[in-house]
Amino acid sequence: MNYPYVTEFRQSLVDWFNAEKRDLPWRHTTDPYKIWVSEVMLQQTRVDTVIPYYNRFMESFPTLDLLAEAPQEYLLKHWEGLGYYSRARNLQAGAREVLENYGGVVPDNRHEISKLKGVGPYTAGAILSIAYNKPEHAVDGNVMRVLSRVLDIHDDIAMPKTKKVFEVAVEKLIDPEHASSFNQGLMELGALICTPTSPKCLLCPVREYCTAFNEGEPDKLPVKSKKIKMKHLTYDVLVCEDENGRFLMQQRPEKGLLANLWQFPMIDTSQSTVENFKKEFTVNVHAEHELLTFKHVFSHLTWHINSYYMKCESFAQGDWLSREQIERLPMPVPMLKIWEEVKK
DNA sequence: AAACCGGGGAT
DNA sequence: ATCCCAGGTTT
């Protein structure tokens, strides 16, 4: 963009944002803690999905102190179904760091705020600009898409080094007096107008300054390579209920996929069998029938699940829990689907 | 740089 | 069936 038009670009974007912005729960505050929570929830997650989670979260954890002292299981229950559960643990770890190292005040500079667990370059810039109105870049997928079109940048956004190109661009473009509205305006534009497919250029407040609109092909941007190979895993899931109406539950390891979440026992059918499971847990099965058979698709792998209900005799080993106890445990969506079926 | 980490909505 | 979303951490 030619330098003389930067001022007009800023004003058009900021004015459009302030006139057209959606009414979202986290836009009723500039509390850095609440902005922080919203930004973490919004990582890789759509606005409509986040809204009910954010509202419930703020009812239970209205202050940074209350989040810091919350039991992890109670915290994860609030994140259940949202995905990327390490976000919740990192958020709490970050809150505890703020209490210990910064007197409970979220830092207002990139150097310190970036030290907090779970706060990377994007989230740092988002909190600094939205809560403190600091002119800091906050480059996410929306911003890269919008600016790739405005500036006609053809670098492959799948490559990590490309993000630096956009961070430098934002540093030059950002409105130093209205950093909050400018950064949110870029993201709002990406969400409402400058969409991945079929961008609504005729409604765009900055199309006058958009190189791709005037000289290029907005639909062809951004350039993004990369393709992923999907892995497939097949599991037998066993819902074992004993004579007292208690169910055998397992907690997943503290690292890796779905860390610390709870599940009904899962058997990797390429590693073991249901018969081995029965011996290992010395479970006597009185009756059994099939529950659900379905697949659950993650971003990088697919679970093929066959679930079974088994009426058992319980023995000492394992966690046999009541329905009420199970309801309080954080579980991944596939287990929630099975649990709903069991309750029918 | 690449792999890992959830889930759902849009196309 | 495919893409991708208000990304960060680990290897």
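Note on naming: letters A, B, ... go to the chains in the order of the sequence lines (proteins, then strands), and numbering restarts at 1 for each one.
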Q) In terms of side-chain geometry, is the basic nitrogen of A:Glu288 or A:Lys278 positioned less than 4.0 Å from the acidic oxygen of its partner? A) yes
Looking only at side-chain N and O atoms, does [X] come under 4.0 Å of OP1 or OP2 in [N]?
| X | N | value |
| --- | --- | --- |
| A:Thr45 | B:dG6 | no |
| A:Arg145 | C:dC5 | yes |
| A:His296 | B:dG7 | yes |
| A:Lys117 | C:dT10 | yes |
| A:Gln44 | C:dG7 | yes |

Q. Among A:Trp339, A:Trp320, A:Trp262, A:Tyr309, which residue meets the ring pair (Phe, Tyr, Trp, His ring centres under 6.0 Å) test with A:Phe247?
A. A:Trp339
Look at all strands and tell whether [X] reaches a base, only sugar-phosphate, or nothing, counting heavy atoms closer than 4.0 Å.
| X | answer |
| --- | --- |
| A:Leu24 | base |
| A:Leu82 | base |
| A:Val40 | nothing |
| A:Gly81 | sugar-phosphate |
| A:Arg27 | base |
| A:Glu188 | base |
| A:Thr123 | sugar-phosphate |

Rounded to whole Å, please give me the gap between [atom1] in [X] and [atom2] in [N].
| X | N | atom1 | atom2 | answer |
| --- | --- | --- | --- | --- |
| A:Phe298 | B:dG6 | CZ | P | 7 Å |
| A:Tyr84 | C:dA6 | OH | C1' | 14 Å |
| A:Leu186 | C:dA6 | CG | C1' | 12 Å |
| A:Leu221 | C:dC4 | CG | P | 13 Å |
| A:Glu80 | B:dG7 | CD | C1' | 13 Å |
| A:Lys255 | C:dT11 | NZ | P | 7 Å |
| A:Asn260 | B:dC5 | CG | P | 14 Å |
| A:Lys115 | C:dT9 | NZ | C1' | 18 Å |

Write down the distance separating the [atom1] atoms in [N] and [M], rounded off to the nearest Å.
| N | M | atom1 | answer |
| --- | --- | --- | --- |
| C:dC4 | B:dC5 | C1' | 15 Å |
| C:dA6 | B:dT11 | P | 13 Å |
| C:dC3 | B:dG6 | C1' | 16 Å |

Q | For the student: nearest non-hydrogen atoms of A:Leu75 and A:Ala88, plus distance | A | CD2-O, 3.5 Å
Q. Is there a path from A:Val47 to A:Val146 through hydrophobic residues (I, L, V, M, F, W, Y) whose side chains come within less than 4.5 Å of each other?
A. no
**Q.** hydrophobic_cluster_shared for A:Met310 and A:Tyr235, side chain cutoff 4.5 Å
**A.** no
Among [options], which nucleotide sits nearest the side chain of [X]?
| X | options | answer |
| --- | --- | --- |
| A:Gln43 | C:dA6, C:dA1, C:dG7 | C:dG7 |
| A:Pro160 | C:dA6, B:dA1, B:dG6 | B:dA1 |
| A:Lys224 | C:dA6, B:dA1, C:dC4 | C:dC4 |

Q | Most 5' of A:Asp48 and A:Gly83 on DNA chain B, judged by nearest nucleotide | A | A:Gly83
Q) 5'-most contact on DNA chain B: A:Lys161 or A:Thr49, nearest heavy atom basis? A) A:Lys161
Q) If each of A:Pro121 and A:Arg46 is mapped to the nucleotide of DNA chain C with the nearest heavy atom, which maps nearer the 5' terminus, i.e. the 5' end? A) A:Arg46
Q) Which ones in residues 331-343 of chain A lie close to DNA chain B, meaning a heavy atom under 4.0 Å from one of its atoms? A) A:Pro332, A:Val333, A:Pro334
(Q) Centroid separation under 6.0 Å, is that true for the rings of A:Phe57 and A:Phe61? (A) yes
Q. Mind checking whether A:Tyr53 and A:Trp79 have ring centres under 6.0 Å apart?
A. no
Q: Assess whether one donor atom and one acceptor atom, taken from the side chain of A:Ser86 and the base of C:dG8, lie less than 3.5 Å apart.
A: no
Q.
Taking atom NE2 as the centre, does A:His286 end up with more than 12 heavy-atom neighbours from other residues, nucleotides or ligands that are less than 6.0 angstrom away?
A. yes
Q) Between A:Thr49 and A:Thr45, is there a donor-acceptor pair closer than 3.5 Å when you use the side chain of the first and the backbone of the second? A) no
